[in-house]
Amino acid sequence: MNDSNLNALQEKILKEMNRRGFTGAHAEYSGYGDSMDFFEVKTTTTEKDDEFYRTLSPLDANDPLDDLIGDFLEAVQPGFEIDEGSHGTLEFKVRDDGQSMHVHMDHTAIAEFEDDEAYLDAEVIEAIAHKLRLLQVHACLIRYTGCGDSMDGYEFAYEDEHGQPVAVQNPTVQGEISDILDTFMCNSAVSGFWNNEGGQGTIRISIEEEDSYWNHFNNLEDSESFEFSFTEAEVAQP
């Protein structure tokens, strides 16, 4: 989007905020692939900077101002559409003259890279394979994700010897498998899972050891900030 179109969009945001008596707006967003997973806009009428965040109130998702700020985000930073995703914040503050506005944006893009240090040892494979025999299944595909010092959880998919899905309802044994995985992940060679940027992956365990594998991906975040300053006079110029 060129500067004139971007200024026209900022003018619409400024006019809508002035019309409704808003002095500021704060938007948070995150997305992955070609979709926006989360987008929320909050506004305030306070004129004191130290009251900005604690006086914010959310807008409805179908609010016209919500749509305008969403259009602004897509115009200046469509980075959330990369497969690895991104997240960030936008802040709009109307200046005292009511004819100008300052915009601050913090944007973080996420990249994935495979960790070559991820490998399964025979003891882990055998320990989980033993549990699979108790469940009378041939293999299990485990998906996981986590960030910082916590694991968001595991997703289990079980297969028979022909690779067909098998429904398993045994929370006790599945909990024992989770405990084995927790101990294994905490002591594994991968590092990215435990930093604040997180990681994710898949583990396949089969009662035939040679068919087992582990694919782990670490996240790498790249953050940058943007500043925009707008006055109505910029749109009025030919």
Side-chain angles (χ1 to χ4, degrees), residues 28-38 79-88 106-224:
E28 295 185 23
Y29 63 90
S30 63
Y32 183 88
D34 60 356
S35 63
M36 181 79 79
D37 298 329
F38 176 79
F80 72 91
E81 293 184 353
I82 63 175
D83 285 341
E84 290 83 1
S86 65
H87 58 87
D106 290 320
H107 179 80
T108 299
I110 303 172
E112 291 181 356
F113 64 96
E114 190 166 6
D115 194 321
D116 295 333
E117 299 296 322
Y119 65 92
L120 290 169
D121 61 57
E123 290 184 3
V124 171
I125 296 174
E126 180 52 39
I128 297 179
H130 173 68
K131 303 298 181 183
L132 298 183
R133 294 185 185 97
L134 295 177
L135 296 173
Q136 298 183 326
V137 298
H138 184 79
C140 179
L141 186 66
I142 305 150
R143 294 183 175 87
Y144 64 87
T145 183
C147 182
D149 60 356
S150 64
M151 172 77 78
D152 295 339
Y154 302 105
E155 295 181 2
F156 297 90
Y158 299 94
E159 303 172 0
D160 63 18
E161 63 273 20
H162 303 294
Q164 297 302 308
V166 176
V168 171
Q169 299 294 333
N170 193 322
T172 300
V173 174
Q174 189 161 290
E176 292 171 352
I177 295 175
S178 295
D179 290 341
I180 296 171
L181 290 170
D182 285 343
T183 301
F184 167 66
M185 295 295 293
C186 286
N187 295 284
S188 66
V190 300
S191 59
F193 177 78
W194 300 109
N195 67 26
N196 287 328
E197 297 174 356
Q200 61 278 325
T202 57
I203 297 174
R204 187 179 190 273
I205 302 293
S206 171
I207 60 175
E208 298 177 4
E209 182 176 329
E210 64 274 12
D211 292 333
S212 300
Y213 62 81
W214 181 20
N215 293 327
H216 176 82
F217 295 86
N218 295 324
N219 293 340
L220 178 64
E221 296 189 351
D222 182 22
S223 300
E224 54 187 339

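What you see is a predicted model; the values in this text were computed from it and never measured. Residue numbers count from 1 along this sequence.
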Derivation of the side-chain contact (heavy atoms from CB on, under 4.5 Å) call for Gln174 and Phe156: CA-CA 9 Å; Gln174 189 161 290; Phe156 297 90; 3.6 Å; yes
Could you tell me the separation between the OG atom of Ser178 and the CD1 atom of Ile128, rounded to the nearest 0.5 Å? 9.0 Å
So which atom in Leu120 and which in Trp214 form the shortest heavy-atom distance, rounded to 0.1 Å? CG-CB, 3.7 Å
Listed partners of Glu224 passing side chain to side chain donor-acceptor pair (under 3.5 Å), at least two apart: none
Would you say the side-chain atoms of Tyr158 and Gln164 include a donor-acceptor pair closer than 3.5 Å? no
Distance, nearest 0.5 Å, that separates CD1 of Ile177 from NE2 of His130: 10.5 Å
So do Phe38 and Glu28 actually touch side chain to side chain, heavy atoms under 4.5 Å? yes
Rounded at 0.5 Å granularity, tell me how far CD1 in Ile180 sits from CD1 in Ile205. 9.5 Å
Taking all non-hydrogen atoms of both residues, which atom of Val137 and which atom of Val166 are closest, and how far apart? CG1-CG1, 3.9 Å
Do you see a donor-acceptor pair shorter than 3.5 Å between the side chains of His216 and Tyr144? yes
Ile125 side, atom CD1; Tyr213 side, atom OH - distance, nearest 0.5 Å: 12.5 Å
Salt bridge check: are Glu126 and Arg133 linked by an N-O gap of less than 4.0 Å? yes
Spatial distance of atom NZ (Lys131) from atom CG (Asn170) [nearest 0.5 Å]: 10.0 Å
Count the heavy atoms of every other residue, nucleotide or ligand shown that sit under 6.0 Å from CD of Glu123, and state whether that count exceeds 12. no
Thr108 and Ser86: side-chain contact (heavy atoms from CB on, under 4.5 Å), yes or no, with the steps? CA-CA 5 Å; Thr108 299; Ser86 65; 5.9 Å; no
List the steps and the verdict of side-chain contact (heavy atoms from CB on, under 4.5 Å) for Glu208 and His138. CA-CA 8 Å; Glu208 298 177 4; His138 184 79; 3.6 Å; yes
Got a second to check how far Leu132's CG is from Ser206's OG, nearest 0.5 Å? 8.0 Å
So does Ile142 get a backbone contact from the side chain of Arg204, meaning a donor-acceptor N/O pair under 3.5 Å? no
